[in-house]
Amino acid sequence: MTQTTGGDVRLTGISKTYGAFTAVHPLDLTVPAGSFFALLGASGCGKTTTLRMIAGLEDPTTGTVELAGKDVTALPPYKRPVNTVFQNYALFPHLDIFENVAFGLRRRGIKSVRKQVEEMLDLVQLGPMARRKPQQLSGGQQQRVAVARALINHPQVLLLDEPLGALDLKLRRQMQLELKRIQTEVGITFVHVTHDQEEAMTMADTVAVMNGGRVEQLGAPADLYENPATTFVANFLGTSNLIEAGVLTASGDTLVVKAGAATLRLPVRRCVPAVREGDTVLAGVRPEKMALVPVEDAGSVAEGHNRVTGRIRDASFIGVSTQYVIEAPGIGRLSAYEQNVRRDARLVPGAEVVLHWDPEHTFALDADQDIDAGADTDEEAA
Ligand code: ATP
């Protein structure tokens with residue numbers, strides 16, 4: 001099929017205020033050509049406003065939008081090399097799938113549309129459905145038609161505003177892989193807005209985590225997940241155990257901290273703030289990095305592992321794993337996820353256990369921020 005070259009998206013000092021309210025604080029952002037980029041954040045964080053400023057559907061209060069090296073800030077949406085796919089894909093109900101996809105070409109006065117439309121329908125794997133009406137398709141199929149309808153105009157950038165929000169979970173997962181495949185195949189720049197962290201991580205090469213009208217952190221999904229720079233990112237992207245700890249020594253490559261009765265070690269390079277002895281940090285560890293043994297088996301814990309003793313408060317079996325909540329004196333509640341490979345019948349609520357993990361899996365954040373930021377965000381709020 002015809003390849004369209006993707007274009008860079010460059011936002012410089014772009015902001016949006018509504019009266020006294022700032023929806024997007026001045027933002028500099030470059031989305032490299034051909035990448036799949038996600039703007040991720042909870043409801044109201046400013047991600048849709050940012051997308052709409054790229055599309056030209058919203059005028060920025062300050063700043064500029066460049067697409068493929070051209071300043072488009074003053075251009076109306078239809079003069080920009082972008083197309084947007086919305087959550088409510090708004091297909092034309094009276095037109096069949098073929099004509100829905102052909103629409104953009106016909107509007108531009110192009111007569112022979114068959115080859116291009118068929119290519120597009122093949123791309124989204126809907127060739128056999130060409131003569132059906134939208135209401136005869138499933139939600140996921142309709143969404144693919146919306147993508148085909150946008151891509152046939154050969155935009156340099158495709159903007160996706162919660163495009164999978166109306167689909168049920170299973171279909172959403174399928175469509176995530178499908179959209180990723182389409183993006184790889186056509187090679188154009190995709191900018192995707194979502195509040196669903198799994199969705200952003202599944203599809204995007206780069207994720208910008210937004211909070212309160214600012215990009216809080218930007219990076220590849222695995223990098224953001226493994227090295228969150230703030231409590232918001234640590235809690236919003238998956239789950240983190242954040243433990244308030246006092247710095248005992250900070251010399252060489254290892255930071256030694258004290259939390260409750262436990263002495264914990266972590267690599268200095270994984271400590272975000274510069275710290276000195278006596279400072280407080282938030283030591284962080286992901287629940288799946290922690291292992292759990294009954295206290296009577298403490299001798300089996302690997303030498304050099306961080307250890308915390310506590311009592312199981314709750315155990316939820318969820319198939320692939322069991323999720324434990326452990327109450328650790330002087331520390332608080334910790335979560336640990338154990339894969340269901342060999343289940344230990346002794347690991348039940350009330351049992352005293354040792355939680356342990358490799359110090360390499362510990363990071364540390366500035367303690368001078370809300371430890372629960374991003375933790376209680378309603379994931380389903382769109
Ligand atoms: P959602 O996922 O709910 O759409 P979002 O992160 O995309 O959230 P935006 O739609 O960008 O958030 O909105 C950011 C903030 O700006 C919100 O607090 C919203 O109420 C506010 N806002 C958006 N449009 C307007 C407007 N026209 N007038 C006043 N405030 C607005």
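When a ligand or atom number is given, it counts from 1 through the structure's own listing order. Computed over heavy atoms, backbone and side chain alike; hydrogens, waters and symmetry mates excluded. The residues of the chain are indexed from 1 along the displayed sequence.
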Are any of the N or O atoms of [X] closer than 3.5 Å to those of ligand 1?
{"X": "F21", "value": "no"}
{"X": "T50", "value": "no"}
{"X": "E162", "value": "no"}
{"X": "G44", "value": "yes"}

Legend entry - Approximate separation, where rounding is to 0.5 Å, of I331 CD1 and N241 CG: 10.0 Å

Inset, instruction - Identify, by atom number and element, the atoms of ligand 1 in contact range of C45, meaning under 4.0 Å from any of its heavy atoms. - result: 5 (P), 6 (O), 12 (O)

Legend entry - Subset of ligand 1 atoms that lie under 4.0 Å from at least one heavy atom of A23: 14 (C), 15 (C), 16 (O)

Inset, instruction - Apply the test salt bridge (Lys or Arg N to Asp or Glu O under 4.0 Å) to residues D168 and K170: give CA-CA distance (whole Å), side-chain angles for both, the deciding distance (0.1 Å), then the verdict. - result: CA-CA 6 Å; D168 68 44; K170 202 159 182 181; over 6 Å; no

Legend entry - Residue among R132, M129, R131 satisfying side chain to side chain contact (heavy atoms under 4.5 Å, CB included) with F98: R131

Inset, instruction - From atom 10 (O) of ligand 1, work out which of T48, N211, L51 has a heavy atom at the shortest distance. - result: T48

Legend entry - Stepwise salt bridge (Lys or Arg N to Asp or Glu O under 4.0 Å) check, E99 with K133: CA-CA 10 Å; E99 287 304 325; K133 292 281 174 59; over 6 Å; no

Would [X] count as a contact of ligand 1 if the rule is a heavy atom under 4.0 Å away?
{"X": "H195", "value": "no"}
{"X": "A42", "value": "yes"}
{"X": "G41", "value": "no"}

Legend entry - Under-4.0 Å salt bridge between R269 and E360: yes

Residues 282-289 side chain polar contacts: donor-acceptor under 3.5 Å, at least two apart:
| unit_1 | atom_1 | unit_2 | atom_2 | d |
| --- | --- | --- | --- | --- |
| R286 | NE | Y225 | O | 3.2 |
| R286 | NH1 | A234 | O | 3.1 |
| R286 | NH1 | L237 | O | 2.8 |
| R286 | NH1 | T239 | O | 2.9 |
| R286 | NH1 | S240 | OG | 3.1 |
| R286 | NH2 | Y225 | O | 2.9 |
| R286 | NH2 | L237 | O | 3.0 |
| E288 | OE1 | Y225 | OH | 3.3 |
| E288 | OE2 | Y225 | OH | 2.7 |
| K289 | NZ | E226 | OE1 | 3.2 |
| K289 | NZ | E226 | OE2 | 3.4 |

Inset, instruction - Write out all pairs satisfying ring-ring contact (aromatic ring centres under 6.0 Å, His included) with one or both partners inside residues 276-295, taking only residues at least two apart or from two chains. - result: none

